[in-house]
There are 4 protein chains.
Amino acid sequence: MSEPSEDPHGLDRSDPEGEIARRAAAYRNWGRWGEDDRLGTLNFIDERKRVAAAKLVRTGQVVSLAQSFDMNGPQKGWRRRTNPVHTMLDTGTDAERGTQGFPHGIGGADDVIAMPLQCSTQWDGLGHIFDHGNAWNGRRAGDVVTSDGDLVTGIEHAASAVVARGVLLDVGRFLQPDTGELADGYAITTADLVGAADAQGVTVERGDIVLVRTGQLARARRDGWGDYAGGAAPGLSLTTAGWIHRTEVAAIATDTWGFEVRPNEFDVPAFQPLHQVSIPNIGLTIGEMWDLEELASACAESGVYEFLLSAPPLPVTGAVGSPVNPVAIL
Amino acid sequence: MSEPSEDPHGLDRSDPEGEIARRAAAYRNWGRWGEDDRLGTLNFIDERKRVAAAKLVRTGQVVSLAQSFDMNGPQKGWRRRTNPVHTMLDTGTDAERGTQGFPHGIGGADDVIAMPLQCSTQWDGLGHIFDHGNAWNGRRAGDVVTSDGDLVTGIEHAASAVVARGVLLDVGRFLQPDTGELADGYAITTADLVGAADAQGVTVERGDIVLVRTGQLARARRDGWGDYAGGAAPGLSLTTAGWIHRTEVAAIATDTWGFEVRPNEFDVPAFQPLHQVSIPNIGLTIGEMWDLEELASACAESGVYEFLLSAPPLPVTGAVGSPVNPVAIL
Amino acid sequence: MSEPSEDPHGLDRSDPEGEIARRAAAYRNWGRWGEDDRLGTLNFIDERKRVAAAKLVRTGQVVSLAQSFDMNGPQKGWRRRTNPVHTMLDTGTDAERGTQGFPHGIGGADDVIAMPLQCSTQWDGLGHIFDHGNAWNGRRAGDVVTSDGDLVTGIEHAASAVVARGVLLDVGRFLQPDTGELADGYAITTADLVGAADAQGVTVERGDIVLVRTGQLARARRDGWGDYAGGAAPGLSLTTAGWIHRTEVAAIATDTWGFEVRPNEFDVPAFQPLHQVSIPNIGLTIGEMWDLEELASACAESGVYEFLLSAPPLPVTGAVGSPVNPVAIL
Amino acid sequence: MSEPSEDPHGLDRSDPEGEIARRAAAYRNWGRWGEDDRLGTLNFIDERKRVAAAKLVRTGQVVSLAQSFDMNGPQKGWRRRTNPVHTMLDTGTDAERGTQGFPHGIGGADDVIAMPLQCSTQWDGLGHIFDHGNAWNGRRAGDVVTSDGDLVTGIEHAASAVVARGVLLDVGRFLQPDTGELADGYAITTADLVGAADAQGVTVERGDIVLVRTGQLARARRDGWGDYAGGAAPGLSLTTAGWIHRTEVAAIATDTWGFEVRPNEFDVPAFQPLHQVSIPNIGLTIGEMWDLEELASACAESGVYEFLLSAPPLPVTGAVGSPVNPVAIL
């Protein structure tokens with residue numbers, strides 16, 4: 001089998017299964033970190049990498065890359081994904097009125113949340129996507145993720161892994177200097193990624209966490225969510241799988257719902273083909289719905305597109321994803 | 001009013017209200033950062049602080065300070081605080097069996113969580129505790145936290161604040177070199193905190209996030225949770241409020257359920273008096289149920305008790321607390 | 001104060017507060033069943049009533065009046081009201097694959113639900129609505145419903161109360177014989193209610209549970225939910241409060257989101273004025289989002305509009321409402 | 001294969017799989033109501049049955065058979081079954097303080113619940129238990145219950161089915177006239193069921209919903225929950241499967257967590273063998289954790305053990321169980 005094309009025009013738009021299979025075969029990392037591996041490409045981050053990343057801290061500014069977690073989020077119920085429902089167990093109103101039964105004037109407020117782990121700014125864990133019933137590292141999906149959760153590659157295993165150099169690729173500003181926003185349906189190519197990096201004067205390296213800004217979130221903020229959750233969006237082309245594999249990046253996150261371009265690049269029914277290549281085959285941890293707006297402005301101003309990124313998932317045992325408040329430390 | 005005593009023996013054990021009021025008056029920071037402040041002592045962290053903290057990174061080792069988020073946690077239902085309930089919306093078993101209806105062999109797993117925001121490793125936000133109907137900065141509790149959540153000081157405001165120098169004070173090992181564990185009911189004094197810092201060769205400074213290890217979590221891991229959630233525990237004495245105020249630390253976290261010593265230091269009904277002084281009056285952000293075990297071992301081995309700490313809360317709009325996966329970057 | 005008008009044209013559309021106050025004063029039942037009352041007009045149901053209602057059972061047909069409880073419901077997030085989220089703790093897929101760890105070939109499925117108690121077919125309890133800070137029977141709202149729920153009139157007190165004669169008033173068919181559907185915004189008057197009863201040959205009596213069909217649910221089923229949850233709808237006019245009080249009905253339910261006509265009958269901001277009169281003042285239990293379609297067809301066919309109705313709420317301690325599957329036993 | 005024994009002493013206590021298989025084969029109702037059946041033994045209830053049951057209403061007294069739904073329930077977290085968590089979206093305290101932003105003095109309270117559908121008084125649906133990967137009517141478990149719920153026999157299909165004659169068999173009082181309580185571990189036999197019915201002067205008939213009182217709930221109320229959820233309990237012997245099949249009852253409910261005797265009647269690991277026979281093979285709908293105390297007193301006083309029973313499940317789409325407030329109408 002020849003190396004898959006990295007030109008979207010080279011895709012056979014009638015054959016998602018074949019195009020996926022070709023890339024899965026070419027880029028599969030199964031066994032690369034041993035039979036018991038639970039981290040996939042996060043293994044590319046080593047301690048030396050982090051020491052170097054910490055040296056990037058120059059101003060001490062911290063930029064949160066999280067969207068708000070509340071009912072004003074983009075979810076509309078697809079596959080039972082709702083926005084977070086946050087309710088109070090105790091309130092200040094009750095405390096002030098003196099109904100809480102505590103001594104010496106103390107009062108308290110507590111709260112509860114119910115939410116899909118994939119509802120807002122998040123990491124997709126390695127148990128999130130399967131390829132023909134196979135999970136990351138070649139395990140059978142049903143041996144990995146049952147109703148009891150991800151018994152093997154649960155996101156808790158990455159609890160101390162996700163601190164590294166972050167690199168922002170502001171493809172939105174690179175391709176659309178006027179608006180900074182890619183059109184919905186635009187498929188970001190390997191050439192775009194490399195071009196943006198070059199233009200920004202940054203080199204993507206092994207173990208980096210790459211943040212790809214499309215500008216779609218800025219548009220959604222301005223125009224309303226619309227179909228942000230699942231509808232048309234700019235995003236990575238399936239043909240970038242080779243670049244993802246070759247660069248040995250640790251993780252990639254975008255400011256869109258679904259990481260890859262939507263509608264997907266086929267003329268027949270298709271659904272998130274780049275996920276199918278990346279998560280179970282490459283072992284890639286994927287971030288979605290990150291808010292890269294303030295970071296992009298800061299990078300544009302400073303001309304520096306690399307920083308220390310701290311984005312550890314919440315260690316929910318057996319989770320296939322995690323809400324996260326990633327911080328870029330500039 | 002004379003300066004409150006920092007000797008636990010100086011407490012009038014029959015008068016919690018008076019002892020609290022004395023410290024609230026002496027240490028109150030209301031107005032210190034303006035009328036609109038939403039951060040309290042987190043304001044002590046400045047960007048220079050963070051640049052210095054980043055320079056502490058020497059090995060690149062990351063230690064997660066979070067407990068697991070699952071049904072095996074310590075909660076027993078008190079005030080409707082349960083352990084997290086994590087359920088699956090889709091599983092690998094379904095994907096492998098081919099029941100999901102997706103094209104070209106892709107399968108997926110999604111999940112949902114329902115949990116109190118204070119159920120496991122967490123930050124208490126500024127809206128978590130009130131003193132006689134007053135919230136942080138002198139606002140009325142009912143103006144701040146209603147059934148709609150914390151409308152003023154919600155934890156989302158701290159989303160990019162909580163990155164600073166972390167300092168571990170391993171009081172457990174300092175006072176109990178053999179076991180490393182303080183007894184339940186032991187009230188940690190100012191002298192203990194200062195003594196531990198001295199012994200460790202570290203100085204607590206303005207803007208630090210101080211982690212106080214009691215060893216209780218190690219005991220609970222060994223012996224079972226028992227009454228970890230709300231029962232007897234080692235913790236800070238009410239009399240440390242002066243030290244907290246004077247050192248201008250940004251935040252304090254412990255490895256216990258409740259931060260302060262339990263039973264509380266009174267012979268009459270009392271409940272979390274140091275919270276009542278610290279949160280609404282000093283404006284302190286408090287961490288609870290942090291797992292300091294691996295960090296304490298690493299610090300004991302290296303002899304270095306300072307590090308870069310990244311512990312941003314999940315920006316749940318209006319939350320009075322947040323689950324967190326704090327990471328120490330050594 | 002003169003008796004309030006029962007003609008919608010007699011309303012002062014600029015003065016909701018006055019129009020509400022007038023009716024609250026005229027129809028208030030506070031103290032009617034003693035200081036400790038927790039049931040309001042449900043007290044009108046007595047055991048003799050039920051014996052008589054049971055005699056109405058002639059065919060043995062049971063008609064469920066509940067909508068489905070699932071993600072396809074009408075809620076859109078207003079005031080954090082979502083549709084029910086139903087997730088599995090164990091599945092047949094897991095059982096069939098043999099991953100559950102049970103002996104001798106047994107397998108199981110369990111499930112969890114998270115839902116607002118007011119999300120679908122429901123009863124509004126007596127703690128659901130307040131009038132100027134007053135709850136049912138003249139209690140202060142903050143003495144009744146805190147963050148701990150309804151401490152006084154929680155819906156659990158009605159657990160064995162809600163079985164009585166049911167009477168369907170099919171106002172939709174009565175006023176619109178062709179379509180059976182009232183227009184959104186149509187305010188049902190006392191004359192309409194009396195006219196429908198007369199036309200149907202039924203008399204509304206003390207202790208009845210009256211089901212008012214508008215036909216809006218049929219329309220929503222056909223045309224999509226649109227703004228069913230909170231938008232324009234046919235419903236009872238504020239001016240029917242006198243009829244509600246005078247007839248001494250035990251409860252009223254409709255096939256709409258909000259029981260009363262929307263937009264409400266005022267030219268200035270107003271919100272559910274009939275609720276404000278009916279729940280805290282009259283002590284009325286109100287049903288919403290009931291599915292009266294099959295029942296209406298059965299009644300139209302038989303010409304009989306009375307039946308045994310069993311609609312006990314789920315006794316959630318302290319709840320201000322309850323999901324319910326009401327059954328008409330014909 | 002000979003008819004299975006109805007004497008517990010006839011069980012081979014070393015062979016649960018064989019004893020279950022024997023009864024599954026002997027009592028299997030697959031196909032009895034057609035290939036598409038979704039109701040199992042609820043089909044035994046016909047409309048004539050209900051007309052007759054309605055005639056049993058003599059006093060009009062209604063007895064709720066539901067336990068409370070709150071945090072004080074018996075669940076301890078086994079298989080993530082928790083007690084219900086009920087939280088408020090709006091409160092009377094807020095309304096009274098005027099923080100809700102509604103016009104003309106109206107205020108409101110709303111609430112939310114998160115709960116396992118099997119946490120308190122409930123029906124087990126037909127998708128709740130499987131036998132060697134088979135669900136009711138011989139379907140494969142994975143074709144019936146996936147992460148999307150019970151796609152075939154979801155409890156919503158029984159929404160209008162569960163109204164019939166109820167018969168109380170107070171085995172507790174029959175066997176233990178002094179205490180009215182069977183010991184934990186006591187296996188109720190066919191002879192006990194028949195004996196209780198005879199002593200009470202009632203005959204169990206086709207289509208009845210039979211309520212078997214053991215007295216364990218009374219004991220738990222007096223002595224604390226202990227291991228009510230899953231521990232030792234009185235309950236039906238596996239050997240009653242023949243009686244269940246032969247009598248053609250529509251459903252059976254008990255006042256215990258698990259319907260059948262616990263520990264189960266084997267010397268080797270076993271788990272709920274009567275469920276394995278009854279639900280997937282006989283097609284029986286099973287009620288658990290019903291509160292039969294008040295009903296038992298009323299029946300003892302009147303000497304009448306039959307009544308109209310209305311216990312429709314909440315139609316949660318795809319649910320394998322349902323909370324329920326069953327009412328006996330005497």
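In what follows, chains are A, B, ... by sequence order, proteins preceding strands, each numbered from 1. What's counted below: heavy atoms across the whole structure, side chains too, no hydrogens, waters or symmetry copies.
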**Q.** Side-chain (C:Arg50) to main-chain (D:Ile329) donor-acceptor, under 3.5 angstrom
**A.** no

(Q) What I want to check is whether the side chains of C:Ser64 and D:Ser160 have a donor and an acceptor closer together than 3.5 Å. (A) no

Q: To the nearest 0.5 angstrom, please state how far the CG atom of C:Leu117 sits from the CG atom of D:Asp111.
A: 4.5 Å

**Q.** D:Glu19: partners by salt bridge (charged side-chain N to carboxylate O under 4.0 Å, His left out), with sequence neighbours left out
**A.** D:Arg22, D:Arg23

(Q) Quick check for you: among C:Leu330, C:Asp124, C:Ile113, C:Ile279, which has the greatest number of heavy-atom pairs under 4.5 Å with chain D? (A) C:Ile113

Q | Heavy-atom proximity to chain D below 4.5 Å, by part of C:Ile129 | A | both

Q: Pick whichever of D:Asp90, D:Thr87, D:Val85, D:Ile45 has the most heavy-atom pairs under 4.5 Å with chain C.
A: D:Asp90

Q.
Using the rule given for side chain to side chain contact (heavy atoms under 4.5 Å, CB included), can you reason through D:Val51 versus C:Arg58, listing the C-alpha separation, both sets of side-chain angles and the distance that settles it, and then say yes or no?
A. CA-CA 6 Å; D:Val51 172; C:Arg58 299 169 312 144; over 6 Å; no

Q. If only atom types and distance count, is the side chain of C:Arg80 paired as donor or acceptor with the main-chain N or O of D:Leu89 below 3.5 Å?
A. yes

Q: Between chain D and each of C:Asp46, C:Val62, C:Val112, count heavy-atom pairs under 4.5 Å; write down the option with the most.
A: C:Val62

Q | pair C:Ile106-D:Phe130: side-chain heavy atoms closer than 4.5 Å | A | no

Q: Give, as side chain, backbone, both or neither, the part of C:Leu65 having an atom under 4.5 angstrom from any heavy atom of chain D.
A: neither

(Q) Among D:Asp70, D:Val320, D:Val163, D:Asp15, which residue has the highest count of heavy-atom pairs closer than 4.5 Å to chain C? (A) D:Val320

Q) Who wins among C:Val327, C:Thr91, C:Thr121, C:Asp94 for the most heavy-atom pairs under 4.5 Å with chain D? A) C:Thr91

Q: For D:Asn134 and C:Glu96, test the side chains for any donor-to-acceptor distance below 3.5 angstrom and give the result as yes or no.
A: no

Q. Can you tell me how far CZ of C:Arg48 sits from OG1 of D:Thr59, rounded to the nearest 0.5 angstrom?
A. 13.5 Å

Q.
Using a 4.5 angstrom heavy-atom cutoff, name the option from D:Gln61, D:Lys49, D:Lys55 with the most pairs to chain C.
A. D:Gln61

Q: Flag the pair D:His86 / C:Thr317 as yes when at least one side-chain heavy-atom distance between them is below 4.5 Å, and no otherwise.
A: no

**Q.** Proximal component of C:Pro312, with respect to chain D [non-hydrogen, under 4.5 Å]
**A.** both

**Q.** Pair D:Arg81 + C:Asp110, salt bridge at N-O below 4.0 Å
**A.** yes

Q: May I ask you to test the D:Val57-C:Leu308 pair for a side-chain heavy-atom distance under 4.5 Å?
A: no

Q: Could you please state which residues from residues 135-148 of chain C sit under 4.5 angstrom from chain D, measuring non-hydrogen atom to non-hydrogen atom, sorted by number, or 'none'?
A: C:Arg140, C:Ala141, C:Gly142, C:Asp143, C:Val145, C:Thr146, C:Ser147

Q) Is chain D contacted by the side chain of C:Phe271, its backbone, both, or neither, given a heavy-atom distance below 4.5 Å? A) both

(Q) Counting heavy-atom pairs under 4.5 Å with chain D, which one of C:Ala328, C:Gly133, C:Pro315 comes out on top? (A) C:Pro315

Q. Which of the residues C:Ser322, C:Cys119, C:Ala95, C:Ala270 is involved in the greatest number of heavy-atom pairs with chain D at under 4.5 angstrom?
A. C:Ala270

Q. Given the options D:Ala159, D:Ala54, D:Ser120, which has more heavy-atom pairs under 4.5 Å with chain C than any of the others?
A. D:Ala159

Q: Could you tell me whether the side chain of D:Asn325 and the main chain of C:Pro313 form a donor-acceptor pair under 3.5 Å?
A: yes

Q.
Is D:Val324 close to chain C through its backbone or its side chain, or both, or neither, when contacts mean heavy atoms under 4.5 Å?
A. backbone

Q: State which residue, out of D:Glu17, D:Gln272, D:His132, D:Gln276, fulfils the side-chain hydrogen bond (donor to acceptor under 3.5 Å, both in side chains) condition with C:His104.
A: D:Gln276

Q: Return the option, out of C:Pro103, C:Ala109, C:Ala114, C:Gly18, with the maximum number of heavy-atom pairs under 4.5 Å with chain D.
A: C:Ala109

